[in-house]
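Note: hydrogens, waters and symmetry copies are ignored here, and every other heavy atom, side chains too, is used. Letters A, B, ... are given to chains in the order of the sequence lines, protein chains preceding strands, and every chain is numbered from 1.
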Amino acid sequence: MPSFKIAEVAVEGTAYHFDKPYCYMVPDDMKNEIKPGARVVVPFGAGNKRRRGIVLAVENSDDMSCKPLLTLVDKQPLISEEMLALAAWLKGRTFCTLYEALRLMLPAGLNLHITKTYKLDHKPSEAEFLMLSPDEQCMLRYVSRARGPVDRESLAKAAGLDATTPLPDLLVQRGLLVCEDSVFDHSPEASARMVRLAITQEEAEELLESQGEITKKQKSALKTVLDAGAATVKEVMYFSGVSQSVITALVKKGIFEQFEKRVYRDPYKGIAKTKSEPETLSEEQQNAYNALVSRYRSGKACASLLFGVTGSGKTQVFMRLIDDVRADNRTVIVLVPEISLTPQTVARFYARFGKDVAVLHSGLSLGERLDEWQRIKDGGAGIVVGTRSAIFAPLKNLGLIIIDEEQEYTYKSESSPRYHARDVARFRCAYSNAMLLLASATPSIETFYAAQTGRYELTRLDKRYGNAKLPDVIMVDMKNEIATGNNSTISRRLAQEIEKNLENGEQSILLINRRGYNTFVSCAACGHVLTCPNCSIALTYHAANHRLMCHYCGYSIEARTKCPECSGSFLKYSGTGTQKAEQAIEELFPTARVLRMDTDTASGRYSHERMLEQFGKDKYDILIGTQMVAKGLDFPNVTLVGVLSADQSLYLNDFRAAERTFSLLTQVIGRAGRRASPGRAVIQTQTPENEVLRLAAKQDYEAFYKSETAFRRELLYPPFCDICEFGFTGISETAVKNAAHDFFMRLKDAIESNKNIPIRIMEPSPAEIARIAGRYRYRIIAKCRNDKHFRALVASVLESCGKSPLYRKVSVFADMNPLDML
DNA sequence: AGCACGCCGACT
DNA sequence: GTCGGCGTGCTC
Ligand SMILES: [Zn+2]
Ligand SMILES: [Zn+2]
């Protein structure tokens, strides 16, 4: 009987309910080269649209019913067997599609591009040509001169029209052009772009004066760039309140030009060729290292928690372990939160391990990222340092995965595939019999629980370097402050402490968790709160650009003085953000050098870092900012930390609010005591008696852990159960609501017929933020046990609802153990 | 998500 | 009689 080669392919663009490996016939000319892990292009669906795919397996079969592959892109597989298995695992765990999972494992630069293109159907006759409009003639001439098929945009451009013109398709209808999908191997550059004037300043000024030459929004953007000289696209959007399309329009008109500023310095530049010697470990470090290395030597997959306060020298322990693992010729992944992945961190690894280190993070250009990825895959680097997605680095023979600051939320992906890097790390460690090492001073409750119950080994490292003392913590009751006539966001006590620091030439850090100037604006007459038209979120006033902004969808309008509801002219601006706090401090201490740091001041890739560096060099007295000031670099001269309001993050409607607040406060308070003389921390709150605040003040993680686990055991929250969130979003509220209700019924039915699966589901409800960017959001929360029975139940419900018309305009997702419940 | 197939209304 | 509405089902 005849036998064919059949390839099983993960196809792009499938929905969950019809995602599975699809079989394709392998044409003879690809027979010998095709291997699992290679990219292919396949025809899919009734229209045989070309789609990207990844070969999962190659088999012999006599089944002739399948379509043939169109293109085999790679002769050598790009994705290893381990990663193919990981993709299947991710699908089972996170309810994504196979292709979505596989995409995580390839750098963006290897994404093929399939574009609709046009070419001549036949050489047009003179008569045919003369029948056409001048624009059409223009296009036809362009196509006949081109070497290959032409994409829509260049075609439109050739005739001086914009890409939405229907002319190309009209020419197809008349049988002059044919349309096809073409595959391009290299993607256009990503969008971290800068713009500057492509015309002279005088011309720009003339344009601003002119009538009708450019639109009002374009003028606004032009003015911003004229003032700034050059700016990132993001900055222009922020300061002129326009969307990206306005800027691209100006680029197309030849008024702006785009250029790429290399924000990254050459990673190897200035790094000594000779490797730095291992530092000697303190006794405590040595003990921790001994414990960890003997666990690693077991040769079995295992996991450890290194519970160590910041500044206890975790990194030296990591490096010694890495030495051992590399000596065995096994490889290492080190994950760090985005904010800690600074040139200093990187330089430390380069200095110690040289070119054996590869760095993967979002600041690399597409090309740089591809180069590093290739180098890792080829075995040119055995140590990968990076952020969340580096967990998919194409290393072979893994021996160790380190996740530093393991409680950080950035390790959980917020979009599909909704994976947690920690879980992926566990998979990879199991596959390679490697060790997983989690490290933190304030581990997630789940992780510490696992360490307490023996699933992870617990190793401590709790002496601070040089025996630095804990800071004195002063709680300030803001209720008293208001009662005694101080309405400022800065309490008298905090002001005194800042004053002291200024006198002594010591530095202070102030944490405030909201950006902007005022956090909301309301009408004194009718009480109307100004909200974003696309989101159920109050608009924030930004003084820097005098606009009201939405932090969720980017919407902004010019700040106003009249109520849009009742036209009343008393709009109350209230709530304090970083900008207002900065102003308050400047008014209180006019001579102090104040640095503000939030996502608005720090938009360039390295600007945070540069700001922190300046602060570290004593160029400023006071640093005010959001979370980002709590993490990252060490500042020996900081002796005072102020938390302007501990309350808003503490009283969020989220069972993890306490954990998150504790972790943030502990980190920021810890910043005040990193040298011999003890520092001070001032915490402003309406509830000074709150236990979480008290324990954070004492930096007592274990007491916090005890009280928090008691609470979670009582009310059944992780780690005593798992939580699965089902999310529903869409433009129409009734459609979203109906879908959520239907899903709820399906879940109930499924539970009814699987009585042995422990689940508790809540009625569907609007999400905490009921609408974002024009989409309504509903959700169902389930308390469950994340085992294969439960996952199979979820998978079957998701599959069944994909077929129902109720879900036509609604997107549905399942998120296992989401980290924030907003 | 797209696309084809199929079964009812109103319009030449 | 048939053109086109969109409900239903399938994607190797
Ligand atoms: Zn009003
Ligand atoms: Zn918005």
Side-chain angles (χ1 to χ4, degrees), chain A residues 2-31 34-73 84 87-88 91 95-103 111-117 152 166 169 172-173 178-183 415-417 727-732 734-736 738-739 742-743 746 774-775 795-814:
Chain A
S3 173
F4 301 94
K5 263 200 171 166
I6 298 283
E8 291 193 351
V9 177
V11 181
E12 178 191 28
T14 55
Y16 186 78
H17 71 274
F18 64 94
D19 181 57
K20 60 180 172 209
Y22 283 90
C23 292
Y24 287 89
M25 191 99 74
V26 182
D28 280 346
D29 56 325
M30 302 176 195
K31 233 180 197 157
I34 193 162
K35 292 188 187 93
R39 292 173 299 167
V40 289
V41 179
V42 297
F44 194 76
N48 279 330
K49 283 264 184 222
R50 286 168 193 220
R51 293 207 185 169
R52 296 175 276 206
I54 306 272
V55 179
L56 298 169
V58 181
E59 273 157 20
N60 289 314
S61 159
D62 51 10
D63 178 8
M64 292 180 62
S65 64
C66 52
K67 298 174 186 175
L69 292 175
L70 285 172
T71 321
L72 172 64
V73 184
L84 293 176
K91 173 173 176 164
F95 312 103
C96 63
T97 68
L98 282 166
Y99 194 84
E100 280 175 325
L102 288 161
R103 252 193 47 150
N111 228 346
L112 298 175
H113 280 257
I114 299 181
T115 328
K116 208 174 177 183
T117 56
R152 186 185 186 87
D169 298 308
V172 173
Q173 271 175 32
V178 280
C179 173
E180 61 180 10
D181 293 324
S182 294
V183 181
S415 57
S416 185
F728 308 85
T729 70
I731 311 288
S732 148
T734 43
V736 172
N738 290 342
D742 177 80
F743 196 94
R746 284 168 196 263
R775 296 179 71 84
S796 80
V797 174
L798 282 172
E799 269 165 42
S800 78
C801 73
K803 290 158 193 156
S804 158
L806 270 174
Y807 298 82
R808 265 284 129 87
K809 289 171 195 152
V810 180
S811 27
V812 183
F813 64 84

Note to self: Can you identify which nucleotide, out of dC3(B), dC12(C), dT8(C), has its nearest atom closest to the Pro805(A) side chain?
What the structure shows: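 Minimum distance to the Pro805(A) side chain belongs to dT8(C).
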
Check: Taking the side chain of Lys67(A) as heavy atoms from C-beta outward, which of dC12(C), dT11(C), dG2(B) is closest to it?
Finding: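 My answer, after comparing the listed nucleotides, is dC12(C).
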
Next item on the list: Please list, chain by chain and in numerical order, all residues satisfying side chain to side chain contact (heavy atoms under 4.5 Å, CB included) with Lys35(A), sequence neighbours excluded.
Entry: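 Scan of Lys35(A) (side chain to side chain contact (heavy atoms under 4.5 Å, CB included), adjacent residues dropped) gives Gln76(A), Pro77(A).
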
Touch check for [X], heavy atoms < 4.0 angstrom, all strands: base, sugar-phosphate only, or nothing?
X	value
Phe18(A)	base
Cys66(A)	sugar-phosphate
Lys20(A)	base

Can you check the [X] [atom1] to [N] [atom2] distance for me, whole Å?
X	N	atom1	atom2	value
Glu100(A)	dA1(B)	CD	P	13 Å
Arg808(A)	dG2(B)	CZ	P	11 Å
Tyr22(A)	dC10(C)	OH	P	11 Å
Glu8(A)	dT11(C)	CD	C1'	16 Å
Asn48(A)	dC12(C)	CG	C1'	11 Å
Phe813(A)	dA1(B)	CZ	P	15 Å
Leu56(A)	dC12(C)	CG	P	15 Å
Lys803(A)	dC3(B)	NZ	P	21 Å

Next item on the list: Using the ring of Tyr16(A) (Phe, Tyr or Trp, six-membered ring only), decide whether Lys91(A) places NZ or CZ under 6.0 Å from its centre and within 45 degrees of its axis.
Entry: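 Yes, a cation-pi geometry.
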
Note to self: For Asp742(A) and Tyr807(A), which I'm curious about, is there any donor-acceptor pair between the side chains at under 3.5 Å?
What the structure shows: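 Tyr807(A) and Asp742(A) do have a side-chain donor-acceptor pair below 3.5 Å.
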
Next item on the list: Identify, between Ala46(A) and Gly13(A), the residue whose nearest nucleotide on DNA chain B lies closer to the 5' end.
Entry: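 By nearest-heavy-atom nucleotide position, the 5'-most residue is Gly13(A).
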
Next item on the list: Report yes if the side chains of Asp63(A) and Cys23(A) come closer than 4.5 Å at any heavy-atom pair, otherwise no.
Entry: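 Sidechains of Cys23(A) and Asp63(A): no contact.
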
Note to self: Checking Leu112(A) against Thr71(A) for the side-chain contact (heavy atoms from CB on, under 4.5 Å) test, could you report, in this order, the C-alpha distance in whole Å, the side-chain angles of both residues, the deciding distance, and whether it holds?
What the structure shows: CA-CA 12 Å; Leu112(A) 298 175; Thr71(A) 321; over 6 Å; no

